[in-house]
Amino acid sequence: MLILICDAFDPSLPDKLRRFGEVTEDPNRLPEAEVALVRSKTKCTAEWMAQARKLKLIIRGGVGMDNIDLEAAKARGIKAVNTPKASAVAVAELTMALMLALPNRLVEAHNSMKEGKFLKKEIKRTELLGKTLGLVGIGNIGHEVAVRARAFGMRVLAYDPYVKQSQSAILVASLKELLPQADYVSLHVPLTEETKGLINKQTLSLMKDGAYLINTGRGKCVVEEDVAEALRSGKLAGYATDVYSSEPPEPGNPLLSAPNTLLTPHIGASSKENLLRIGDEVVKILEE
Ligand code: NAD
């Protein structure tokens, strides 16, 4: 069996996989591979699969399957699986880092220090204590964020039409109920027809004036132009995001020139510990 590692995994993984067969990182060997390991970089389109004539299994190290054409895989008899639980803590910690960085104005404080300015009087911070966090989606990651936010003394609400009960958040029935109450809104939904453009001009208008938005879900869950406009008008006090409508973002992406943003290059799952956990889940999948 030939296992093709397409994207960045922990460097220890190839050795752990050799007992299952030959392991290669050479993309030219796609036509011979029976198993392909991908993260979010490789786009497993119908054309990509057409080249992968022997492929039986795609393992997505991570959660989102939106880079895999699942219909095309099914039609070709290729099984596609992910590692659903591994990344929750890694993404939740990045979400907390972003949620702490925004009201503490860390980017501005750091940049001004580098510019030789000491803005002790000018930089006003706010606290998370007593604020309301509105989670959109309370699956594995949303739950881990809720637990951490509660430890900071936040009230945590969540909107998730597919979840009937939660131990970590107060469930609300609609976005319309969630958004006007939240000082912070954080997105933890997969990209689907339903969630595409979920945060747009209309839903942004339901949010509190001066609220913060955090997105470690998927870039296309927001209409980036509308978010940029909300930042310019002050409707949003800040937008921290790890994900973009196209990655890397196009040079003209409106977020790159909008004020009060905090941008990271899709590193939510990329903690050292998580890459090891993902590798362990990949091994378990191959053992089954
Ligand atoms: P999960 O499947 O455990 O949870 C997703 C939740 O979203 C589910 O509870 C589901 O019911 C809910 N949901 C679906 N449609 C919804 C809708 N229309 N409105 C509200 N809720 C809805 O997945 P997870 O592990 O928590 O991951 C969530 C997403 O985070 C992934 O799909 C992926 O897109 C993203 N992610 C990003 C990174 C990163 O590096 N930034 C890493 C991992 C995952």
Side-chain angles (χ1 to χ4, degrees), residues 90-136 145-157 178-188 199-217 219 221-245 247-268 270-271:
V91 183
E93 287 200 9
L94 180 71
T95 305
M96 291 309 295
L98 297 173
M99 195 153 59
L100 281 161
L102 286 174
N104 285 298
R105 298 177 63 184
L106 292 188
V107 173
E108 191 183 348
H110 173 82
N111 288 343
S112 57
M113 288 297 292
K114 289 273 200 173
E115 286 163 13
K117 298 178 200 152
F118 197 74
L119 303 180
K120 184 173 167 66
K121 279 197 192 127
E122 290 81 353
I123 293 187
K124 304 275 184 252
R125 303 166 42 232
T126 56
E127 297 174 358
L128 295 183
L129 180 69
K131 302 296 190 310
T132 297
L133 169 64
L135 298 171
V136 183
V145 172
V147 169
R148 284 158 179 76
R150 280 173 52 180
F152 277 85
M154 299 184 89
R155 181 170 81 110
V156 183
L157 308 179
L178 184 86
L179 297 177
Q181 297 190 61
D183 303 291
Y184 293 78
V185 171
S186 190
L187 306 181
H188 302 288
I199 299 297
N200 54 43
K201 202 173 175 177
Q202 191 262 328
T203 47
L204 282 162
S205 75
L206 300 174
M207 289 176 66
K208 276 190 182 180
D209 289 344
Y212 291 100
L213 180 64
I214 297 132
N215 187 3
T216 55
C221 294
V222 309
V223 177
E224 289 170 334
E225 185 54 58
D226 294 354
V227 170
E229 178 49 38
L231 288 164
R232 281 192 294 269
S233 72
K235 173 74 190 173
L236 280 181
Y239 178 53
T241 188
D242 189 41
V243 286
Y244 307 87
S245 58
E247 293 184 4
E250 300 293 329
N253 184 307
L255 295 172
L256 298 177
S257 53
N260 300 322
T261 55
L262 170 48
L263 310 176
T264 55
H266 202 151
I267 50 171
S270 303
S271 70

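Both backbone and side-chain heavy atoms feed into the values below; hydrogens, waters and symmetry mates do not. Because the structure is a prediction, the values reported are computed rather than measured.
Between Pro251 and Leu256 the shortest heavy-atom distance is O-CD1, 3.6 Å. Taking each heavy atom of Leu255 and Ala228 in turn, the nearest pair found is CD2-N, 4.4 Å. What you find for Gly134 and Leu178 is that their closest heavy atoms are CA-CD1, 3.7 Å. The two residues Ser112 and Ala109 have their closest heavy-atom pair at OG-O, 2.9 Å. When all heavy atoms of Ala258 and Leu231 are compared, the pair lying nearest together is CB-CD1, 4.0 Å. Considering every non-hydrogen atom in both Ala240 and Leu102, the closest pair reads CB-CD1, 3.8 Å.
Here Glu108 pairs with Arg105 under the salt bridge (Lys or Arg N to Asp or Glu O under 4.0 Å) rule; sequence neighbours left out. With sequence neighbours left out, Asn111 forms a side-chain hydrogen bond (donor to acceptor under 3.5 Å, both in side chains) with no residue at all. Residues forming a side-chain hydrogen bond (donor to acceptor under 3.5 Å, both in side chains) with Tyr184 (at least two apart in sequence, or on another chain): none. For the side chain to side chain contact (heavy atoms under 4.5 Å, CB included) test, residues two or more places apart in sequence or in another chain that qualify with Ala101 are Leu106, Leu262. Scored by the side-chain hydrogen bond (donor to acceptor under 3.5 Å, both in side chains) test, Glu93 finds no partners at all (sequence neighbours excluded). Listed by chain and number, the residues in a salt bridge (Lys or Arg N to Asp or Glu O under 4.0 Å) with Lys201 amount to none (sequence neighbours excluded). Taking the side chain to side chain contact (heavy atoms under 4.5 Å, CB included) definition, one finds that Ala182 meets it with Val185, sequence neighbours left out. Residues that satisfy the side chain to side chain contact (heavy atoms under 4.5 Å, CB included) test with Ile267, not counting sequence neighbours, are Leu94, Asp242, Thr264, Pro265, Ser270. Checked against side chain to side chain contact (heavy atoms under 4.5 Å, CB included), Glu127 has the following partners two or more places apart in sequence or in another chain: Leu129. Residues forming a salt bridge (Lys or Arg N to Asp or Glu O under 4.0 Å) with Glu229 (at least two apart in sequence, or on another chain): Arg232.
Residue pairs meeting the side chain to side chain donor-acceptor pair (under 3.5 Å) criterion with at least one partner in residues 250-261, sequence neighbours excluded, are Glu224-Asn253.
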Indicate every side-chain donor-acceptor pair of residues 205-213 with a distance under 3.5 Å to a residue at least two apart or in another chain.
| from | atom 1 | to | atom 2 | distance (Å) |
| --- | --- | --- | --- | --- |
| Ser205 | OG | Gln202 | O | 2.5 |
| Lys208 | NZ | Asp183 | OD1 | 2.8 |
| Asp209 | OD1 | Lys235 | NZ | 2.7 |

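His188 pairs with exactly one of Thr95, Val136, Asn215 by the side chain to side chain contact (heavy atoms under 4.5 Å, CB included) rule, that one being Thr95.
One distance of note links CG of Leu157 with CG of Leu133; it measures 8.0 Å at 0.5 Å rounding. We find the OG1-NE2 distance between Thr241 and His266 to be 9.5 Å, quoted to the nearest 0.5 Å. The CZ atom of Arg148 sits 11.0 Å away from the CE atom of Met99 when rounded to the nearest 0.5 Å.
Counting heavy atoms from C-beta on, the side chains of Glu122 and Lys117 never come closer than 4.5 Å.
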Going through the distances and angles, do Ile199 and Asp226 end up as a side chain to side chain contact (heavy atoms under 4.5 Å, CB included)? CA-CA 8 Å; Ile199 299 297; Asp226 294 354; over 6 Å; no
